[in-house]
Q: 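Okay, handing you the structure first.
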Amino acid sequence: MSYWLLKSEPSSFSIDDLAKRPAKRDSWDGVRNYQARNYLRDMRRGDLAFFYHSSAKQTGIAGIVKIVAEAYPDPTAFDPGNHHYDPKSDPSRPVWYMVDVKLERRLRRLVLLAELKARRELADMILLKPGNRLSVMPVAEKHWRAILQMERAASPE
DNA sequence: GCCAACGTTGGC
DNA sequence: GCCAACGTTGGC
């Protein structure tokens, strides 16, 4: 069982959007970075991932999703009309993959990026590494636990 | 294989 | 909207 973090811009897909899907479940499509794809392929059913809101008024961790289907070819890469179309990928030799996720729960509150940055024990999180732009990344168990503790604590003012 | 140009990401 | 960091592309 592993832990992960998935980034999404809430203006395109937010945790509220996921909550409205049938069975609160959807595919995590559109990943077009090789390292992120490799992490997607490492995910196993039952793994948990933080749902991170990027490029928003408030950036931070909004909730937890469970991996409910392991990586399979991302059909949006095959569709010339799709924003994420990639001619390098075709059904006989797919390049891009996606997993299915299900909303486990929202966090009690948004745990802000600024809070994560302020915690010394999270200093070596991939998310916080300077210049990091990965949209899919692993999360160490100690970091996962620390963030859940932060959720329980009051929001700093 | 090098590397400049370009596009994207994402915080601020 | 700005811009730094990074990844990708394509000419050579």
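These numbers come from a predicted model, not from an experiment. Chain naming here is simple, since letters A, B, ... match the order of the sequence lines and numbering starts at 1 in each.
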Q: So which of residues 123-140 of chain A are in contact with DNA chain B, with a heavy-atom cut-off of under 4.0 Å?
A: A:Arg133, A:Leu134
Q: For A:Asp124, check salt bridge (Lys or Arg N to Asp or Glu O under 4.0 Å) against everything at least two apart and list the hits.
A: A:Lys142
Q: Once ring-ring contact (aromatic ring centres under 6.0 Å, His included) is applied, do any residues pair with A:Tyr97, and if so which ones, sequence neighbours excluded?
A: none
Q: Considering residues at least two apart in sequence or located in another chain, which fulfil the side chain to side chain contact (heavy atoms under 4.5 Å, CB included) criterion with A:Lys24?
A: A:Leu103
Q: Along DNA chain B, 5' to 3', what are the outermost nucleotides having an atom less than 4.0 Å from a heavy atom of chain A?
A: B:dG7 to B:dC12
Q: Heavy atoms only, 4.0 Å cut-off, all strands: where does A:Lys57 land among base, sugar-phosphate and nothing?
A: nothing
Q: Taking only residues two or more places apart in sequence, or in another chain, which ones meet A:Arg25 in a salt bridge (Lys or Arg N to Asp or Glu O under 4.0 Å)?
A: A:Asp100
Q: Mind listing the residues from residues 28-37 of chain A sitting with a heavy atom below 4.0 Å of DNA chain B? Number order is fine.
A: none
Q: Which pairs with one or both residues in residues 27-56 of chain A pass salt bridge (Lys or Arg N to Asp or Glu O under 4.0 Å), sequence neighbours excluded?
A: A:Arg32-A:Asp74, A:Arg44-A:Glu70
Q: Ignoring hydrogens and angles, write down the donor-acceptor pairs under 3.5 Å from the side chains of residues 49-58 of chain A, residues two or more places apart or on other chains.
A:
residue: A:His53; atom: NE2; partner: A:Ile15; partner atom: N; Å: 3.1

Q: Clusters formed by hydrophobic residues whose side-chain heavy atoms approach within less than 4.5 Å: which one holds A:Val95, and what are its other members?
A: A:Tyr34, A:Trp96
Q: Do A:Ser89 and A:Asp86 get their side chains close enough for a donor-acceptor pair, meaning under 3.5 Å?
A: no
Q: With sequence neighbours excluded, tell me which residues meet salt bridge (Lys or Arg N to Asp or Glu O under 4.0 Å) with A:Glu151.
A: A:Arg105
Q: Indicate, with a heavy-atom threshold strictly under 4.0 Å, whether A:Thr59 touches base, sugar-phosphate, or nothing.
A: sugar-phosphate
Q: Once ring-ring contact (aromatic ring centres under 6.0 Å, His included) is applied, do any residues pair with A:His143, and if so which ones, sequence neighbours excluded?
A: none
